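As structure tokens, the structure follows; a few thoughts come after it.
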Amino acid sequence: MSVGAEEALAVRSEMAVYGVQVDAPVRRSKGAGPSDDGHLVIDGANATLPIVAESPYQVKDGTVYRNGLGLGLSVEPVHRPRFYDLTTADGIPYRQIALLHGKDVLATTVVQTCIRYDESTRCRFCSIEESLRAGATIAAKTPAQLAEVAEAAVRLDGVTQMVMTTGTTTGRDRGAKNLVRSVKAVLAAVPGLPIQVQIEPPGDLSVLTELRHAGATSIGIHIESLDDTVRRRWMPGKSTVPLREYEAAWDEAVRVFGRNRVSTYLLIGMGEDPDELVAGAGRLIERGVYPFVVPLRPMLGTLARADGVTAPDPAVVRDVTSRVAALLAAADMRGADQGAGCAACGACSLLSAAGS
Ligand code: SF4
């Protein structure tokens, strides 16, 4: 059985929420951000999906089955990359410095601690310090370490782009200046590698120009929700940065990096009104900012998971995603045109499955 475009998006929405039964050698569990998944390639595109033993969706022989019926989607688990077998001269495994996301994205959390990680202030969907506690990563990656791992990942595993995020630091720049040094070091080792940096709005917006001059291709300034009530409930620390600071940072980033070289996450599943979410996405698109809409699947180690929060209704995921995809298409904004970063990778969202 093969499914049409509408049905395919409905299936993909259910797979994003209910997960799949699959043996995926490349997984992400615990860390910065909103999902906890296995990395797959579906019909040629990156996809991160929860691995769930009881899911009605099963990956077998390179395709997806629902309750035993083949759906005509081709699926390949991402292979374990060769750079995971290497260690630095001082004995740190490369995979504690950066991870493979999807089939071709190198991702790192340059500073794995966050000033907002106190239980009363941390984002309820985030587990940035849990992977550190579990010994899966190191607290701070030096520019030299990042350069060494990036060079190997490009040479050995065909990595085509890199994402650098950071926990929020105490400095006024909230961690952005450290990313300037990291981008420079990686590009000295791998000239031309597209890199996306991800930061909170920095106090001094001139660092956005420094990041661009260092060679970053694109930038993510992630607000996760445009609704202040949702922000206060889900991000008690981060919501102290007002929306107007985000707007100023997005506008300056668009001026410096260009239209559709700036993105933000919008999470589906924190209780926001779907119509308001779509309308907010439309306003971001008008500013030249790509709204990367992603269903929230609470990860192990998050406050949301501890509270028993579950993923959103797949019908809502499909509806919001298809409406935002239509707005992006009307504005001629494609994720791939970001050049680097989450919107270019696309794995954690269904926007690419919806045609964006
Ligand atoms: S969308 Fe972003 S977080 Fe998700 S797999 Fe791709 S690079 Fe990683």
Side-chain angles (χ1 to χ4, degrees), residues 12 15-16 19-20 24-42 44-51 76-79 81 95 97-110 112 123 125-128 131 137 146 149-150 153-154 157-167 179 186 193-199 216-222 224 261-268 290-299 302 311 317 321 324-325 328 334-354 356:
R12 293 290 306 276
M15 288 167 69
V20 287
V26 176
R27 299 173 173 216
R28 176 177 188 281
S29 67
K30 304 193 184 85
S35 62
D36 170 21
D37 301 307
H39 291 252
L40 307 169
V41 177
I42 301 185
N46 288 327
T48 53
L49 295 177
I51 299 172
E76 283 289 319
V78 171
H79 299 296
R95 61 167 305 169
I97 294 167
L99 292 172
L100 185 67
H101 280 201
K103 63 181 187 304
D104 52 7
V105 182
L106 185 67
T108 182
T109 301
V110 175
Q112 196 81 36
C123 300
F125 49 74
C126 183
S127 62
I128 187 169
S131 44
T137 187
L146 293 169
V149 175
V154 169
D157 297 295
V159 154
T160 59
Q161 56 135 312
M162 185 166 183
V163 175
M164 288 183 189
T165 191
T166 181
L179 292 184
V186 167
L193 182 68
I195 300 175
Q196 186 207 35
V197 286
Q198 302 182 346
I199 56 169
T217 299
S218 60
I219 185 165
I221 304 172
H222 299 165
E224 283 88 16
R261 288 294 172 120
V262 182
S263 59
T264 193
Y265 267 68
L266 292 181
L267 296 180
I268 308 169
Y290 188 103
F292 191 58
V293 291
V294 172
L296 172 68
R297 282 94 31 114
M299 277 193 283
T302 61
V317 174
T321 305
V324 174
L328 283 163
R334 280 171 295 271
D337 295 337
Q338 294 261 325
C342 289
C345 164
C348 291
S349 170
L350 295 166
L351 282 169
S352 57
S356 290

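The figures that follow rest on heavy atoms only: side chains count, while hydrogens, waters and symmetry mates do not. We count ligands from 1, going down the list as the structure has it; atoms in each ligand are counted the same way. These numbers were taken from a predicted model, which means no experiment stands behind them.
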Within the stated cut-off of 2.8 Å, is an N/O/S atom of H101 closer than that to atom 8 (Fe) of ligand 1? yes
Assess C342: does it contribute an N, O or S atom lying under 2.8 Å from atom 6 (Fe) of ligand 1? no
What's the shortest heavy-atom distance between L328 and S356, and which atoms? CB-OG, 3.7 Å
Minimum heavy-atom separation for A24 to L40, with atom names? CB-CD2, 4.2 Å
Distance under 4.0 Å to a non-hydrogen atom of [X]: what atoms of ligand 1 satisfy this?
{"X": "C345", "value": "1 (S), 5 (S), 6 (Fe), 7 (S)"}
{"X": "Y265", "value": "2 (Fe), 3 (S)"}
{"X": "C348", "value": "1 (S), 3 (S), 4 (Fe), 5 (S)"}

Evaluate T321 against I268 for side chain to side chain contact (heavy atoms under 4.5 Å, CB included), listing each step before the verdict. CA-CA 9 Å; T321 305; I268 308 169; 4.0 Å; yes
Among side-chain atoms of Q196 and S263, is any donor-acceptor pair under 3.5 angstrom? yes
Any T48 heavy atom less than 4.0 Å from ligand 1: yes
Between T48 and A347 (side chain of the first, backbone of the second, donor and acceptor by atom type, cut-off under 3.5 Å), is there such a pair? yes
